[in-house]
Amino acid sequence: MKNSNNYISFALLFYGLHMGLNHLGLLPDFVSGLFLGLAIILMLFGIYSMNHEISKFKDCKMNFFKKMFQ
């Protein structure tokens, strides 16, 4: 993947966890749905961030975490 970013990498991680643990039957339905939902949202956001500038979002996120952990 030439143009991959962290969002897509984490999406693939969550999707892999969903597929692997769901196949073994180790996950309850809620957690399985949570992993699948996170994977879809992160994949869509990663695709969006490839074509658009998201620096305002990153700044807003950093300000939120600074206020939260201050």
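- Both V31 and L17 are assigned to one and the same hydrophobic cluster, defined by single-linkage of ILVMFWY side chains at heavy-atom distances under 4.5 Å.
- Within 6.0 Å of CZ on F45 lie more than 12 heavy atoms contributed by other residues, nucleotides or ligands.
- Side chain of S32 to backbone of P28: no donor-acceptor contact under 3.5 angstrom is found.
- Shortest non-hydrogen contact noted between I8 and G46 is CG1-CA, 3.9 Å.
- One distance of note links OH of Y15 with CD1 of I40; it measures 8.5 Å at 0.5 Å rounding.
- Taken together through direct or relayed side-chain contacts under 4.5 Å among Ile, Leu, Val, Met, Phe, Trp and Tyr, F35 and L26 form part of one hydrophobic cluster.
- For M68, the CE atom sits in a packed shell: over 12 heavy atoms of surrounding residues, nucleotides or ligands are nearer than 6.0 Å.
- Between the CG atom of L36 and the CD1 atom of I41 there is a distance of 10.5 Å, given to the nearest 0.5 Å.
- Here the CG-CG distance, from L42 to N5, works out to 10.0 Å after rounding to the nearest 0.5 Å.
- Nearest heavy-atom pair, M43 versus A11, reported as atom, atom and distance to 0.1 Å: N-CB, 3.6 Å.
- Counting heavy atoms of neighbouring residues, nucleotides and ligands inside a 6.0 Å radius, atom CG of D59 exceeds 12 of them.
- F69 and F65 have parallel rings, their planes meeting at less than 30° on a 0 to 90° scale where 60° marks the start of perpendicular.
- Taking CG from L13 and CG from L38, the interatomic distance works out to 10.5 Å, rounded to the nearest 0.5 Å.
- The two residues L27 and N22 have their closest heavy-atom pair at CD1-N, 4.2 Å.
- Between Y48 and I54 there is a side-chain heavy-atom pair separated by less than 4.5 Å.
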